[in-house]
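Working notes, beginning with the structure itself.
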Number of protein chains: 2
Amino acid sequence: MPRPREFDEDRVVLAVRDEFWDKGYAATSMDDLLRVSGLGKGSLYGAFGDKHRLFLRVLRDYDDANLRGLRERLDAAPRGVDVVREFVLGVAGDPTGAAARRGCLLANSTAELATSTPDVAAEARRSYDAITAILTEALARAQREGDVDPGADPAGIARAVLAAQLGVMALGRTGMDVAELDAVARSALTRLLPTPSR
Amino acid sequence: MPRPREFDEDRVVLAVRDEFWDKGYAATSMDDLLRVSGLGKGSLYGAFGDKHRLFLRVLRDYDDANLRGLRERLDAAPRGVDVVREFVLGVAGDPTGAAARRGCLLANSTAELATSTPDVAAEARRSYDAITAILTEALARAQREGDVDPGADPAGIARAVLAAQLGVMALGRTGMDVAELDAVARSALTRLLPTPSR
DNA sequence: GGTGTTCTGGACGGCATGGTCAAGAACTCC
DNA sequence: GGAGTTCTTGACCATGCCGTCCAGAACACC
């Protein structure tokens, strides 16, 4: 009996996400969000609550999608080590450098907001823990597949790989040349994932 | 002949820096800055220009101080490799975790502003290039001192070390337990700086 | 077609924002 | 002590901000 919604919730979340991603949380105004979403104030507030709650919703959806993607890539990958390598190399994957300059919404948000907004820090921990778990699984598989030194600790490598990826991402955000960024990623990977001598 | 200033410029820059550091650029209001600096509007604007110019001044001073510190540590260090290790381990150096949660002003600012503010991205490139140069020098020295594989490329390791440090810092900002953060840093270092087999 | 429910769009309010400006104060040099 | 210069204080402005609210619209069910 109620009047049905005229907008698709997921579409709105994506549009709003891009705005937050490009401008940062504090620099994004509600007017910006209304513009990119195409909604009126009543609709946006009614469906998502205030700016802070909307942002958290956007962030959670973003993280969940990323985690799902990583998991799917691992399940589909012929070799576990490929997923790990792609996880780091992907940062410099866009030859135009636009993706590298944009960085990761979660990483950007954590850097901007972690001090003042515990919710965001907690979300980041949750997400990074989950990524570490998947990477650990990938590395354990890589050991069985003979691509990683079987004597190493997969969880230890996983954390180092995650740190390396975050670091490459931070460098990418400075606008560093993509070729150079790719070199940084490869340099880190070469040392973090030494091929077992066979 | 002119009336002398009643404030110390460097003290103001430091006070303002802490405010930007804790709240981020956009979330810091001019009123905040007036409060922590103790200045009136006319004085602050007269001495530093608007918010954006003041911020850039703060960021440059911060970077310069960091670079000077790194350089001095290298000049004073008994072994080149110690500087490199400390560069990464220092992120988890404060046992309370407060420093790790706070992160680095430059890294935080780059994540928040790089897209919208080319000045900040350029400053970050300048700073990271300079850090890479010092780390490269430290690693070359470490090779001569027998602490790093002489066959490796110092510049390549330096970039990977910088990425690892930035990554550990990003994780520290999430509020990750300090002991765990320290473990990540050590895990990365162990693999990036293998002791030469002698 | 009437009724109850939710959705929509925008008007509105109150406040915080960044930045300007002017009037007077503090100092040095002559 | 007068003149010239810069510094200080805070009033002031225009705008932008977030969030509330309400009158009307759109639907499902009876």
Side-chain angles (χ1 to χ4, degrees), chain A residues 1-59 109 112-113 115-120, chain B residues 1-61 105 108-109 112-113 115-120:
Chain A
M1 27 210 162
R3 171 176 177 179
R5 287 213 175 130
E6 292 178 5
F7 62 91
D8 176 54
E9 200 160 299
D10 289 338
R11 270 194 65 84
V12 168
V13 168
L14 286 184
V16 162
R17 179 202 68 178
D18 285 339
E19 199 67 9
F20 279 132
W21 201 341
D22 288 332
K23 298 198 176 184
Y25 176 78
T28 301
S29 71
M30 287 303 296
D31 278 354
D32 289 334
L33 299 176
L34 295 174
R35 186 174 38 79
V36 299
S37 68
L39 299 193
K41 270 199 162 167
S43 303
L44 197 63
Y45 274 88
F48 301 100
D50 63 12
K51 189 182 173 187
H52 178 243
R53 283 181 16 102
L54 171 55
F55 179 72
L56 281 183
R57 161 69 184 273
V58 164
L59 199 56
S109 305
E112 180 188 351
L113 301 170
T115 305
S116 52
T117 315
D119 292 346
V120 172
Chain B
M1 28 209 156
R3 172 174 177 180
R5 287 215 174 128
E6 293 177 6
F7 62 91
D8 176 55
E9 199 159 300
D10 288 339
R11 270 195 67 82
V12 168
V13 168
L14 286 184
V16 162
R17 179 203 68 178
D18 285 340
E19 200 67 9
F20 279 132
W21 201 341
D22 288 332
K23 298 199 178 183
Y25 175 78
T28 301
S29 71
M30 287 304 296
D31 277 354
D32 290 333
L33 300 176
L34 295 175
R35 186 174 39 78
V36 300
S37 68
L39 299 192
K41 270 198 162 169
S43 303
L44 197 64
Y45 275 87
F48 300 100
D50 63 12
K51 189 182 174 187
H52 178 244
R53 282 183 15 104
L54 171 57
F55 179 73
L56 281 183
R57 161 69 183 273
V58 164
L59 199 56
R60 290 219 178 89
D61 280 18
L105 174 64
N108 298 351
S109 306
E112 180 187 351
L113 301 170
T115 306
S116 52
T117 316
D119 293 345
V120 172

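So you know, we letter chains A, B, ... as the sequences are listed, proteins then strands, and number each from 1.
Scanning both residues, V12(B) and S37(B), for their nearest heavy atoms gives CG1-CB, 4.0 Å. The two residues A26(B) and A27(A) make their nearest non-hydrogen contact at CB-N, 4.2 Å. Closest approach of A15(B) and V36(B) over heavy atoms only: CB-O, 3.6 Å.
Between M30(B) atom CE and dG16(D) atom C1' there is a gap of 17 Å when expressed in whole angstrom units. Rounded to whole angstrom, the span from the CG atom of D31(B) across to the C1' atom of dT9(D) amounts to 14 Å.
Near DNA chain D, defined here as any heavy-atom distance below 4.0 Å, the residues from residues 35-42 of chain B are G40(B), K41(B), G42(B), listed numerically. Contacts between residues 44-54 of chain B and DNA chain C, counted as heavy-atom distances below 4.0 Å, involve Y45(B), D50(B), K51(B). Near DNA chain D, meaning a heavy atom under 4.0 Å from it, residues 7-25 of chain B has F7(B) in order of number.
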With a 3.5 Å cut-off and sequence neighbours excluded, list the donor-acceptor pairs that the side chains of residues 39-46 of chain A form with protein atoms.
none

**Request:** Could you check V13(A) against F48(A) for side-chain contact (heavy atoms from CB on, under 4.5 Å), going step by step and ending with a plain yes or no?
**Result:** CA-CA 9 Å; V13(A) 168; F48(A) 301 100; 3.8 Å; yes

**Request:** Show the numbers, then the answer: is there a side-chain contact (heavy atoms from CB on, under 4.5 Å) between L59(A) and D119(A)?
**Result:** CA-CA 10 Å; L59(A) 199 56; D119(A) 292 346; over 6 Å; no

**Item:** side-chain contact (heavy atoms from CB on, under 4.5 Å) assessment of N108(B) paired with Y25(B)
**Value:** CA-CA 9 Å; N108(B) 298 351; Y25(B) 175 78; over 6 Å; no

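For the helix from dG1(C)-dC30(D) to dC30(C)-dG1(D), the axis fitted to the five pairs at one end and the axis fitted to the five pairs at the other end meet at an angle of 10° (nearest 10 degrees).
Screening residues 9-18 of chain A for side-chain hydrogen bond (donor to acceptor under 3.5 Å, both in side chains), with sequence neighbours left out, gives R5(A)-E9(A), E9(A)-R57(A), D18(A)-R102(A).
From L54(B), atom CG reaches atom CE of M30(B) across 6.5 Å, with rounding to the nearest 0.5 Å. Distance CG/L34(A) to OG/S29(A): 8.0 Å, rounded to 0.5 Å.
At least one donor-acceptor pair under 3.5 Å links the side chain of K51(B) to the backbone N or O of T28(B).
In terms of the side chain to side chain donor-acceptor pair (under 3.5 Å) criterion, T117(B) has no residue partners (sequence neighbours excluded). Every residue two or more places apart in sequence or in another chain was checked for a salt bridge (charged side-chain N to carboxylate O under 4.0 Å, His left out) with R53(A), and none qualifies. Here R35(A) pairs with E19(A), K23(A), D32(A) under the side-chain contact (heavy atoms from CB on, under 4.5 Å) rule; sequence neighbours left out.
S43(B) comes within 4.0 angstrom of a base, heavy atoms only.
The outermost nucleotides of DNA chain C lying under 4.0 Å from heavy atoms of chain B, listed 5' to 3', are dT17(C) to dT28(C).
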For nucleotides 25-30 of chain D, which of its nitrogen or oxygen atoms have a protein nitrogen or oxygen under 3.5 Å away, and what is each distance?
{"unit_1": "dA25(D)", "atom_1": "N3", "unit_2": "R3(A)", "atom_2": "NH1", "d": "2.9"}
{"unit_1": "dA26(D)", "atom_1": "O4'", "unit_2": "R3(A)", "atom_2": "NE", "d": "3.3"}
{"unit_1": "dC27(D)", "atom_1": "O2", "unit_2": "M1(A)", "atom_2": "O", "d": "2.5"}
{"unit_1": "dA28(D)", "atom_1": "O4'", "unit_2": "M1(A)", "atom_2": "N", "d": "3.1"}

